[in-house]
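See below for the structure under consideration.
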Amino acid sequence: MKSTTRGSLSRRDELQAATATRRRFLTGTGASAGLALTGALSGLHTSSAEARTPSTSDNLFTLGVASGDPLPHAVVIWTRLAPQPFEPYGGLDPVNVPVQWQVSEDEQFRRIVRSGEAMARPEYAHSVHVDVQGLRPWRHYFYRFRVGSQVSPTGRTRTAPRGVQRPDAIRLAVASCQKWDDGFYLAHRDIAERDHDLVFFVGDYIYESHIKPEGGVRGGARPDVVDREPMTLDEYRFRYTVHKMDPDLQAAHASAAWVVTLDDHEVEDNWASRHSQKLETPEFMVRRANALRAYWEHMPLRTAQLPRGPEMPLYRQVRYGQLANFLVLDTRQHRSPIVADGDWVAPNEESADPGRTITGDAQEQWLLDRAGRSNPVWTVLVQQVVMAHLDKLAGPGELSPMSTWDGYSASRDRVLGGLTDRDVDNLVVLTGDIHQNFASDLKRDFYDPDSPVIGAEFITTSISSKGDGQDETQWGQTILGECPHLKFHNDQRGYISCLVTPEQWFADYRVAERVSTNTGTVTSRAEFVTEAGDPGVLPA
Amino acid sequence: MSKRRHLLIAAGMGALTTMLLATSTAQGVGPGPSRASILLDADPGAVTIAPLPCDRRGEVALSMTNTGSEGEFVDALLTASPGLELSRELWSTYLPPADPTQAVSAPVTVTAAEATTPGEYELQMAAAEQTLSIPVTIEEPPGDGPDANLALYRQAFASTTHPNTTLCGGVDGNRDSEQWAASGIHDRTPEEFPDVFGVELSDAYEISRVEVYTLDSATYPAAEMGIRDFDVEVRTPEGWHTTASVHDNEEGHVSITFPHVLADQVRVVVHDSNDHKYSRIIELEVYQH
């Protein structure tokens, strides 16, 4: 095992220094400058021609602000107007509302570089998705919105580097699974307090299942409108409202650009393309359309990702110059039906069927093409479910999860084989879903001890789902014992904070002491690295 | 009264209501507005309820059907006459294109405040530039004669209510365990006891009999799924008083009689059930005699 101590310490120092800067931004208050009202964006059409500024004095920005999907010259900025978040139309009349926006180089909005007016439309829940163009590559910007006399909180974002540029470092967070009633969002608070250029949220942003009585650990704060499991668009919107009213989640959104993809709970537990475990396909496709529409409305996504009915063009590429190529996957909309209801069973003929796919043929071809075409230092799959092989049965035999890539082993073979065949260097996979921290080598063939290690998988635990947890469990120890490619396990809540340089990918597993209270601490539980040119994970 | 409403009342007496068909401008999912034909419907097409909080006969399945070739997102605004309350005011949904036509439905429940005067009212669904009116008849509340079930439609209360059931399901006049999911109640704290389910009477009455119905169907017999150990308590001017303690019950129906006592509330306190998980009550009835 090689020593990486020196390099890792310097990375830690960098992160800590950046954190101090981050805190200054969060605690500062942006002075209100005059607004330049020019331009009009948003390609969304509406059936309503009437536009009116609401007269309410209630806070319109109860759900915060966000930014996402940065390009070298553009970034999406988002907000949604909802003065009464649990009322129909968020408490607004169902008419268009003009929203002014500004993007500035400084937090005080003295150097405004772009501004304009967008229309918040009732058919999109008065959300605003502005694709701000004409920005400079790889630099921080501040943004805010105004309606009448009300000014939103200020968000901070950062554009991507130019295609030919190779930045010295990218700081990014990987997060998933934030069941609202399972715990407080201490991990989001930590994300916000540290300096990240990007936050990847890889699914289960909401949960469609029942919210526990009295709001679970949060106590007494559950509005009646979320009592029913959502089926309709208005009900899904209420679910997002519950989650997005959380101040720590809002702070994390306001602190950095987010790149999101979804998993099952944004729609329904264990759904797969047109297949539901609860509903007949026609009924499910209506539910799926409602769920995906609500997802788009509440995420900082471009109109290119706007669903058409139940189909959402979600998989996409986010390039960070010559340093990293992020391929953001969608392993839900195009996957074959789940074997054994997603339970842990012995891998079998059905799960290994070469006709099965977790990505769909088109996405598989797209990802191999994109990965093979570019040659940045890091090729990164940003996706939902565990790619590495898992086995929780001690001794002979296997029990593997059928909702992860283990349930689609032929698909995994094609993707990992295709990437190997294309000489893709420095493969990193970022994963969520399983509510456990793992660090894993990715092998060309997990069943062959002599098969080469071809990449690293950093699997993040949940932000809150499953509650407090503990450092280690027998379950985790068994899996570590059965799967030598797995190097680390932990069963607490948190996220992974990464520092990516041309030489090294440094992953800091940040965990919350507890999420059942709102005052716990988040600390580093483990640090792993993968070195450029030397695939696989090592303790830092 | 409009012709449409006459039609709906007539249809409401049968199994199916009359649909409305109109061409509308709905919210398209593609670029530019598209024109589609949206059918509005409600089942039942008319309801009659008493002005009591747990009268659930006002549950209506609203539906919309897209007969056009493009999928649409449509908002249905729900309003009701003064004195009526609705479980939702907005229903937004995707309506798939007609290939084949697919009715998309969502439930709404209309209830009436206790002070609402009996008479004719209406619930309206406005969507796709159309309005569907659903007549709502408010009838006199059930009487409180000697043989009347004093718990019927009255305000229920519970320690917890599982979202798959409704609080009022235990006082809705429906004892049919085959309709358990729609007309019963159970708690949402599995394997945790005690659980409480009770009812507030409209006044204090001299009561002497309580009928407890727990889940007892062919699929889910009481011996496996019903409540097992429970107390029946009444609230007297002096406080809660236990009238009976039942142990090892495996029957679907338990009748409790006791000397007349002045009480304004009755509750069942469940200490265990036969599956040791949930406390399932299909109906709770309270009588003077």
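The sequence lines fix the lettering, A, B, ..., with proteins before strands; numbering per chain opens at 1. Since the structure is predicted, the reported quantities are computational estimates derived from the model, not experimental observations.
- Contact check for B:Ser92 versus A:Arg237: side-chain heavy atoms found under the 4.5 Å cut-off.
- Proximity to chain A (any heavy atom under 4.5 Å) is shown, for B:Leu95, by neither the backbone nor the side chain.
- Looking at A:Glu229, neither its backbone nor its side chain comes within 4.5 Å of chain B, counting heavy atoms on both sides.
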For side chain to side chain contact (heavy atoms under 4.5 Å, CB included), just list the numbers for B:Leu90 and A:Tyr89, CA-CA rounded to whole Å, side-chain angles, deciding distance to a tenth of an Å, and then say yes or no. CA-CA 8 Å; B:Leu90 175 64; A:Tyr89 298 109; 3.7 Å; yes

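- The number of heavy atoms from other shown groups lying within 6.0 Å of CZ (B:Phe193) is above 12.
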Should B:Thr93 and A:Asn290 be marked as a side chain to side chain contact (heavy atoms under 4.5 Å, CB included) after you check the CA-CA gap, both sets of side-chain angles, and the distance that decides it? CA-CA 6 Å; B:Thr93 188; A:Asn290 290 333; 3.2 Å; yes

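- Using a 4.5 Å heavy-atom threshold, the side chains of B:Pro107 and A:Arg228 count as touching.
- Enclosure of atom NZ in A:Lys466 by more than 12 non-hydrogen atoms of other residues, nucleotides or ligands within 6.0 angstrom is indicated.
- Taking CG of A:Leu233 as the start and CG of B:Asp75 as the end, the distance is 7.5 Å to the nearest 0.5 Å.
- Closest heavy-atom contact between A:Gly309 and B:Tyr94: CA-CE1, 3.5 Å.
- Figure legend: cation-pi geometry between A:Arg293 and B:Phe73, with NZ or CZ positioned under 6.0 Å from the six-membered ring centre and within 45° of its axis.
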B:Arg88 vs A:Thr232, side chain to side chain contact (heavy atoms under 4.5 Å, CB included): CA-CA, chis, key distance, verdict: CA-CA 12 Å; B:Arg88 69 194 314 156; A:Thr232 67; 3.1 Å; yes

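- Within the model, atoms NE2 of A:His210 and NE2 of B:His162 stand 5.0 Å from one another, a figure rounded to the nearest 0.5 Å.
- Among all heavy-atom pairs drawn from A:Val286 and B:Pro96, the shortest one is CG2-CD, 3.7 Å.
- A:Met285 places none of its side-chain heavy atoms less than 4.5 Å from the side chain of B:Gln102.
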